[in-house]
Amino acid sequence: MSAAPKTRIVIVGGGTAGWMTAATLAMSFAGRTADVTLVESDEIGTIGVGEATVPHIRFFNQRLGIEEADFVRRTNATFKLGIEFRDWARIGDSYIHPFGDFGHDIAGLPFHQHWLHAARNGDEDVPSLEACSLPIVAARTNRFAPPLNDPRAVGSTYSYAYQFDSTLYAAYLRDYAEARGVVRIEGRVDAVEQHAGGIAAVRLANHTRIEGDVFVDCSGFRALLIKGALQAGHEDWSHWLPCDAAWAVPSANVGPLTPYTRATAREAGWQWRIPLQHRTGNGHVFSTRFTDPERAREILLANLEGEALAEPRMLRFRTGRRTRQWIGNCIAIGLSAGFLEPLESTSIHLIQLAIGKLVELFPTDGMLDTADAAEFNRAMALEYDRVRDFLVLHYCATERDDTPFWRHMRTMDLPPSLTEKIAGFRDRGIVASYREGMFLPASWLAVYYGQRIVPERVNPLIADLPVAESRARVAAVAAACRAAADAMPSHDDHLARIRTA
Ligand code: FAD
């Protein structure tokens with residue numbers, strides 16, 4: 001009996017999305033049930049930004065069998081415990097959205113409610129909510145250690161991500177994928193041939209024709225297949241997220257490497273700071289409706305901590321997502337599928353989610369099913385929508401009215417899903433948890449309080465408790481966080497240890 005023919009997968013694009021997809025498909029199917037080809041163009045290049053991640057990236061690497069020390073060395077990575085937001089609710093404010101919990105639930109009641117009860121009714125000595133989060137205490141003191149496995153220990157209440165050079169990461173995954181049989185073809189796609197089921201083949205400028213059964217569009221903002229050929233629609237979110245451009249520039253490192261990313265609000269947008277081992281990545285995301293690019297560039301350069309290492313580069317984007325990311329035999333992954341500004345470092349995670357979903361639904365028998373495409377589209381649309389709401393929360397919950405941009409952001413209409421969610425928290429401190437969606441209640445909590453949204457009422461079950469009880473619990477958690485952070489090495493020392501491991 002002859003073996004079933006292998007599925008021919010063609011990935012168009014070799015940025016972070018293309019090589020993450022290629023590495024995963026190689027690990028999952030290559031050589032056995034599928035042959036994977038990736039076509040990319042050095043002449044066109046990649047977007048070359050995308051350095052901060054969320055903790056799920058660790059599970060992506062683990063699934064590929066990538067060893068952390070090797071990855072950290074080869075991508076110049078640093079560790080990340082969260083994101084510091086400066087000047088968002090009011091100028092002078094600073095809060096951290098940590099990758100971890102605030103205290104722990106007590107008898108099924110959220111810890112933050114105890115904190116609220118103690119803070120409202122106690123004296124001034126009640127520790128801040130930040131003091132009850134180990135990753136925040138560690139981040140504020142530039143310390144880092146991986147979490148413990150013991151679920152009873154405060155040292156197990158957080159997670160971590162990486163800040164890395166995305167170009168080096170793509171190169172790393174390219175080595176991984178090619179070693180597992182992925183064939184890379186250098187060339188510029190000039191034409192796309194279609195048939196009733198979607199894409200039949202792509203043609204390169206040198207006339208090479210590449211046929212396939214499944215095509216993955218990782219061609220970045222160009223979206224050559226999903227938009228160019230298949231005309232997928234686009235849902236535009238620029239009325240909620242009006243930033244549409246960014247200047248990016250690397251700078252020299254100054255001082256210790258912080259185990260967190262920073263996002264500082266500016267007059268018509270915000271500025272990122274991402275410390276890597278060899279340099280700091282900086283960028284200014286802004287809205288051309290509210291400021292001009294020259295002014296945005298000046299602001300970026302005036303606010304670098306170290307010397308600029310290159311000329312700033314400007315990128316334009318459009319916020320939103322494709323209405324369908326899987327059409328026929330074509331699946332869009334990465335910037336071709338949609339874009340949300342990097343305020344919460346979510347793009348690489350959305351790539352990871354799409355790849356996971358693709359592998360789960362992959363037509364290993366070569367038979368494409370419209371139900372699979374519908375499920376993929378449903379799940380990915382929901383993930384993008386949830387991230388959108390979380391990003392909008394940072395902007396709308398502000399007291400700033402110092403510029404037209406901030407006046408617009410604080411008064412604009414919100415997505416109804418977000419209005420409902422904010423109302424639940426403002427009224428009784430309820431953080432509605434979703435069955436799907438990447439941000440867990442602790443993340444929403446960090447941003448609600450950080451943006452100065454405070455519940456009007458404490459949960460009645462806690463409001464009836466003696467204040468001294470809530471106060472003692474808060475003090476104990478804060479003391480445990482402080483002690484655990486003090487026992488960690490500095491982030492620099494941990495990095496040095498990993499690099500020589
Ligand atoms: P690209 O990197 O653009 O790759 C596209 C590929 O397609 C390239 O290989 C190109 O050569 C190829 N290609 C295009 N046209 C053709 C053609 N005709 N023929 C052949 N090949 C072609 N994400 C995060 O997770 N964290 C961050 O901190 C972050 N910061 C960001 C900051 C900014 C300002 C922007 C714009 C994005 C940021 N992102 C971030 C998003 C992140 O950069 C992308 O999600 C990620 O790099 C994946 O990009 P991509 O692979 O889809 O596209």
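We count ligands from 1, going down the list as the structure has it; atoms in each ligand are counted the same way. Numbers for residues simply follow the sequence, beginning at 1.
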Show, in sequence, the C-alpha distance, side-chain angles and deciding distance for I299 and T291, and conclude whether the side chain to side chain contact (heavy atoms under 4.5 Å, CB included) test is met. CA-CA 11 Å; I299 290 177; T291 192; 5.7 Å; no
Taking the six-membered ring of Y160, is the NZ or CZ of R58 close enough (under 6.0 Å from the centre) and on axis enough (within 45°)? yes
Tell me whether the NZ or CZ atom of R262 lies within the 45° cone about the ring axis of Y260 and under 6.0 Å from its centre. no
Measure the distance from [atom] to every protein heavy atom, then report the residue, atom name and distance (to 0.1 Å) of the closest one.
atom: atom 26 (N) of ligand 1; result: A52 O, 2.7 Å
atom: atom 39 (N) of ligand 1; result: G50 CA, 3.8 Å
atom: atom 15 (N) of ligand 1; result: R222 CD, 3.2 Å
atom: atom 48 (C) of ligand 1; result: I351 CD1, 3.7 Å
atom: atom 12 (C) of ligand 1; result: G13 CA, 3.7 Å
atom: atom 50 (P) of ligand 1; result: A17 CB, 3.9 Å
atom: atom 2 (O) of ligand 1; result: I47 N, 3.0 Å
atom: atom 22 (C) of ligand 1; result: I44 CD1, 4.0 Å

[X], any N or O under 3.5 Å of ligand 1 N or O:
X: V49; result: yes
X: V39; result: no
X: L335; result: yes
X: G48; result: no
X: G45; result: yes
X: V12; result: no
X: F339; result: no
X: F317; result: no
X: A246; result: no
X: T53; result: no

Closest non-hydrogen atom pair, W270 against A263: CE3-CB, 3.7 Å
Taking the side chain as C-beta and beyond, is there a heavy-atom pair between [X] and [Y] under 4.5 Å?
X: F29; Y: V36; answer: no
X: L315; Y: F221; answer: no
X: Y176; Y: V182; answer: no
X: D35; Y: V183; answer: no
X: D42; Y: E186; answer: yes

Could you tell me if any non-hydrogen atom of [X] lies under 4.0 Å from any atom of ligand 1?
X: G187; result: yes
X: V54; result: no
X: A248; result: no
X: S219; result: yes

Sub-6.0 Å ring centroid separation between [X] and [Y]:
X: Y395; Y: W88; value: yes
X: F390; Y: W444; value: yes
X: Y449; Y: Y95; value: no

Closest candidate by heavy atom, reference atom 18 (N) of ligand 1, pool V189, I11, I185: V189
On a heavy-atom basis, I'd like to know which of S347, C243, G334 is closest to atom 41 (C) of ligand 1. S347
Examine the side chains of [X] and [Y] and answer whether a donor and an acceptor come within less than 3.5 Å of each other.
X: T346; Y: R386; result: no
X: S490; Y: D492; result: no
X: H491; Y: T258; result: no

Measure the acute angle between the ring planes of F164 and F71, then classify it against the limits of 30° and 60° as parallel, tilted or perpendicular. perpendicular
Give the numbers and elements of all ligand 1 atoms closer than 4.0 Å to a heavy atom of [X].
X: C218; result: 5 (C), 6 (C), 7 (O)
X: S41; result: 11 (O), 20 (C), 21 (N)
X: L224; result: 15 (N), 16 (C), 17 (C), 18 (N)

May I ask you to identify, for E51, whether its side chain, its backbone, both or neither come under 4.0 Å of ligand 1 on a heavy-atom basis? backbone
For ligand 1, the portion of P342 having any non-hydrogen atom under 4.0 Å away: side chain
dist E235:CD -> T319:OG1 (nearest 0.5 Å) comes out at 12.5 Å
